[in-house]
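Remember, it's a predicted structure, so these values are computed and weren't measured experimentally. Every chain is numbered from 1, with letters handed out A, B, ... down the list of sequences.
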Amino acid sequence: MGFLLVAVGVVLLLSGSWYGLFVSPQERYMGDVQRIMYVHVPTAWNALLLFTFAMGCALMSLWRGGWGWDAHHEALLEGAAVLSALLCVQGAIWARPTWGVWWDWDPRLTTTAVMFLALLGILALRSAVDDPEKRATWSAVATIIAFVDVPIVYFSVRWWNSLHQMQSSPETVSAPFIVPLRLNAFGVLALMGGLALLRARVAARRTARELGPALEPLPAGALVEAR
Amino acid sequence: MTDTVRLPAPPVRRNNNKRWLAVLALVVAVAGFGLLTAGGIGENLVYYWGPSDVRNAGDQAVGATIRLGGQVAKGSIRQSAEGSLLEFSVTDGKAVVPVRSTGVPPQMFREDIGVVVEGTMTKDGVFECKRLMVSHGNEYRAPVDSETPDMEKLIKSTEGLKSSGD
């Protein structure tokens, strides 16, 4: 399933990017620069989506127990962190020629940076805790609380005045621009979803090893000899 | 140890009685969210002032570093012959604040586009801009067929912005 999703994602991303680069016309005012939207917007949607999935896994990990939820929680956190980092970089690259600056502390950019740092923090917490049980519990609590930032990121451009523009909708985006947006949105979702499934397998195996069956009792005298 | 060692199936977590923690975390999250949205942080957090806010602030805006946001007023863009001085007005439809800036603005800069300028008000009522940012809307449009000589329009929209150098 994981590999299949990754393959589907790659095909969608290639076709979406091809369409966006070679079929869609230039934007009236931004020209070619606007084409970065075809990766930036799908990255943004999926960063928020993966964080949301991670929150769901965190909740289930606490509610039901079971290591599967914890493994997927870990994988999705990493996916969301990667997408958040990409999001900030793509945004800066788009901002420089259009806004005139790489970065400014406007509400959307600030809350997105907070989201990235929160994800890094939870991942740091996970890697700092050796006991799988505590790691699963503490990081799940952290994820649920940090998730508060996700709706704030989304609504930041509506609640406060900002440099970042509001969300676009099919009414504000010409039709030939929408095709690559959708293709790449599902492409990133499939690719990151597939990678997360594969990454969760790795996490599950590591946890299994950590919890692994108790070692065979040592033969009598072994400890003495070892000394 | 070695690759041939088969890993056991992950054991079911024994102690899964963490439901109270899930509820607690959710409560904290919802309370935090409620505080942020209903607690008035929305009103206290301001990224930029509009021209009316700056006008209303009067002398308080003089000397303080502030951000002013709004639309570039029609017909207000003037660039000195040397190309180093750029003057325009920022409006919100009600008030107008003249802005003085230096340097070459971003390519997107034109009449009617949104801008956020960082700087301070001077005593003579002109906003001294240290940092000019263009804020575009959420509309992305393909050029329409009737606009085929689109380049002409684009060039026109940048008139007055070109520094004498080019």
### Query
So B:Val134 and A:Thr98, side chain to side chain contact (heavy atoms under 4.5 Å, CB included) or not? Walk me through it.
CA-CA 7 Å; B:Val134 167; A:Thr98 51; over 6 Å; no

Select, from [options], the one with the greatest count of heavy-atom pairs under 4.5 Å involving chain B.
options	answer
A:Pro107, A:Pro25, A:Ser162	A:Ser162
A:Val157, A:Thr110, A:Leu59, A:Val173	A:Val173
A:Phe155, A:Trp94, A:Phe147	A:Trp94

What heavy-atom pair brings [X] and [Y] nearest, and what distance separates the two atoms?
X	Y	value
A:Thr137	B:Lys18	OG1-NZ, 3.0 Å
A:Trp63	B:Val23	CZ3-CG2, 3.8 Å
A:Ile145	B:Ala25	CG1-O, 4.0 Å
A:Ser174	B:Ala142	OG-N, 3.0 Å
B:Leu21	A:Val141	CD2-CG2, 3.8 Å
A:Gly100	B:Pro106	CA-CG, 3.6 Å

Is chain B contacted by the side chain of [X], its backbone, both, or neither, given a heavy-atom distance below 4.5 Å?
X	value
A:Asp149	neither
A:Phe177	side chain
A:Gln26	backbone
A:Val101	side chain
A:Met30	both

### Message
I'd like to know if the side chain of B:Asn138 and the backbone of A:Gln165 have a donor-acceptor N/O pair within less than 3.5 Å.
### Response
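It does not hold such a pair.
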
Using a 6.0 Å cut-off, check whether atom [atom1] of [X] has over 12 heavy atoms from anything other than its own residue.
X	atom1	answer
A:Phe186	CZ	no
A:Glu210	CD	yes
B:Asp124	CG	yes
B:Arg55	CZ	yes

### Task
Counting only heavy atoms closer than 4.5 Å, note whether B:Ile113 contacts chain A via side chain, backbone, both or neither.
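Neither; nothing under 4.5 Å.
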
### Task
Under the side chain to side chain contact (heavy atoms under 4.5 Å, CB included) rule, what do A:Tyr29 and B:His136 come out as? Steps first, then yes or no, please.
CA-CA 10 Å; A:Tyr29 296 114; B:His136 59 82; over 6 Å; no

Approximate separation, where rounding is to 0.5 Å, of [X] [atom1] and [Y] [atom2]:
X	Y	atom1	atom2	answer
B:Ser135	A:Asp104	OG	CG	11.0 Å
A:Gln34	B:Arg141	CD	CZ	11.5 Å
A:Leu163	B:Tyr48	CG	OH	9.0 Å
A:Asn161	B:Trp49	CG	CH2	12.0 Å

